[in-house]
Amino acid sequence: MKVDQLKNDMLASLSVMDSSVFDIDVFKKTGLFIVRDAIPDNKLHRWQNAWEEYANSEEGERKEAEDNYSKVEIKTNLPDLLDGIHRDECFVDLAEEIFGNPVGLFNKRFVVKDAFYNGEVFLHQDTCYQCGLVEKASLFGAIFDMTPDNGGLKFYPGTHRFGYLGDAGQIKETTLPDDWPIVAPSLRAGDIAIMNSLLWHGSPAYKAGHYRVVADFVYQSARDYSTVEVLRGNEDIENNFLNQGDKGAGIFQRSRVSRLIELQKIVDDALRNEQEDAE
Ligand SMILES: O=C(O)CCC(=O)C(=O)O
Ligand SMILES: [Fe+2]
């Protein structure tokens, strides 16, 4: 399919990718679907209360982080209630519709814009930061409202059809033909945005409104060797060699990342020597 044809197809699909009922055929085509009112109120309120309590506690204190990618995410030191939300049927039912049984988890975290981090997130796809099979999807569950004003995610529907882009980093917006549809949804707390991990997305800086708290749970078939937890069905993941440590670290003898670490050390040593010579 030519790229302009894909664009027109996405423009024509805008109205059907946003509904209270998930449609797998639309999702396959667009790589994006907004499910309205997907989280029952009673659960939502419990999770909101737990979040507020956590955010005001010592454990919830936001600590210095090196890059924006780490500043936007919270994934450790969470109280049990918040740490287990990814197991709730309101998420797993949707994941099963996409991946079938058994349902697996690749990663879980909360992506947050608050007093600690209010900047933008550049245009990217997630696949290049993952490992295992590429058939994965993020379920972004709005714990509190997410809008363009409070730094909400924006999505470029259809871009998952270009596949894995071969490197990790900031994608040039000008790669796409003019007027590519951009979906910057206003999610009410309780809505879930589902995104194919190949889909291009980013977010603008926080300007105003409630702080932004969105669950980002990445689901996949539990048969994927990168599965860290089986959420439905039976699958033995004990010997999954891709789920040990950080994104398969440890499988490479040498890699781009190991080379970058070597080079950074050479630069640091040289700078230190220069400084010592000057003293
Ligand atoms: O939190 C956001 O706005 C985007 C985060 C994101 O896409 C990522 O970290 O991969
Ligand atoms: Fe992302």
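Index from 1, following the sequence. Atoms considered below: every heavy atom in the structure, side chains included; atoms not considered: hydrogens, waters and symmetry mates. The structure displayed is predicted, hence computed values, not measured ones. Counting convention: from 1, in listed order, for ligands and their atoms alike.
Regarding atom 9 (O) of ligand 1, its nearest protein heavy-atom neighbour is Arg109 NH2, 2.8 Å.
Residue Lys28 qualifies as open at atom NZ: its count of foreign heavy atoms under 6.0 Å is 12 or below.
Selection from Gln125, His124, Lys71 by nearest heavy atom to atom 6 (C) of ligand 1 gives His124.
In summary, the atoms of ligand 1 found under 4.0 Å from a heavy atom of Leu153, numbered by their order in the structure, are 2 (C), 3 (O), 4 (C). When each atom of ligand 1 is checked for a heavy atom of Ser203 under 4.0 Å away, the hits are 2 (C), 3 (O).
Side chains of Asn107 and Lys136: a donor-acceptor N/O pair is absent below 3.5 angstrom, by distance only.
Contacts between Arg212 and ligand 1 below 4.0 angstrom, taking non-hydrogen atoms only, involve the side chain exclusively. At a heavy-atom cutoff of 4.0 Å, ligand 1 is contacted by no atom of Glu73, backbone or side chain. Proximity of Val214 to ligand 1, defined as any heavy-atom pair under 4.0 Å, is not found for any part of the residue.
In summary, Asp126 places an N/O/S atom under 2.8 Å from the Fe ion (ligand 2), meeting the contact criterion.
Checking Phe99, Phe33, Phe22 one by one against Phe27, the ring pair (Phe, Tyr, Trp, His ring centres under 6.0 Å) holds for a single residue, Phe22.
Vertex the Fe ion (ligand 2); arms to His201 NE2 and His124 NE2; angle rounded to 10 degrees, 90°.
Heavy atoms of Glu120 come nearer than 4.0 angstrom to ligand 1 in no pair at all.
Judged purely by atom type and a 3.5 angstrom limit, Asp224 uses its side chain to pair as donor or acceptor with the backbone of Leu133.
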